[in-house]
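Because the structure is predicted, anything quoted here is derived from the model rather than measured.
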Amino acid sequence: MDTNHLRDHFNRHAAEFDRLYDPGHQTRLGRWLNRRHRSDIAGRYLAALDHVRTSGAQSVLDVGCGPGHYLAALAKMEVRSVKVPEGHV
């Protein structure tokens with residue numbers, strides 16, 4: 001898959017992907033679909049944050065950071081984080 005195609009796909013679906021992390025902005029059907037078919041994404045997100053918390057990591061490199069949900073959560077945990085956006089990978 002070429003880089004432009006990947007970037008275009010991400011840009012078209014970024015808002016939809018964002019809603020995976022914000023159930024308050026989902027429709028009832030969207031919440032059900034996310035629980036039923038996308039729970040692994042939320043699980044990986046929570047597991048990653050838990051790992052940072054329990055490991056005592058003081059910094060994280062987020063490669064392909066997307067909209068920055070991990071970075072925002074890490075900032076709340078006072079963990080230094082550096083992002084590398086998709087276009088720079």
### Query
Same hydrophobic cluster for Y70 and L46, using side-chain heavy-atom links shorter than 4.5 Å among ILVMFWY?
yes
### Message
Would you say L71 ends up clustered with V79 if hydrophobic residues are merged whenever their side chains have heavy atoms under 4.5 Å apart, either directly or through other cluster members?
### Response
no
#### Entry: Close side-chain approach of V52 to V60, heavy-atom, < 4.5 Å
yes
### Query
Are R53 and M77 side-chain neighbours, meaning at least one heavy-atom pair lies under 4.5 Å?
yes
### Sequence-distant partners of R44, side-chain hydrogen bond (donor to acceptor under 3.5 Å, both in side chains), two or more places apart
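Listed in chain order: D40.
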### Query
Of all residues at least two apart in sequence or in a different chain, which pass the side chain to side chain contact (heavy atoms under 4.5 Å, CB included) check with S55?
H51, A57
### Query
Rounded to the nearest 0.5 Å, how far apart are CZ of R36 and CG of L29?
12.5 Å
### Task
Working to the nearest 0.5 Å, report the span between CG of D62 and NE2 of H69.
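These two atoms lie 11.0 Å from each other.
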### Query
Got a sec, which residues hit salt bridge (Lys or Arg N to Asp or Glu O under 4.0 Å) with R28, two or more places apart in sequence or on another chain?
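Expected list: none.
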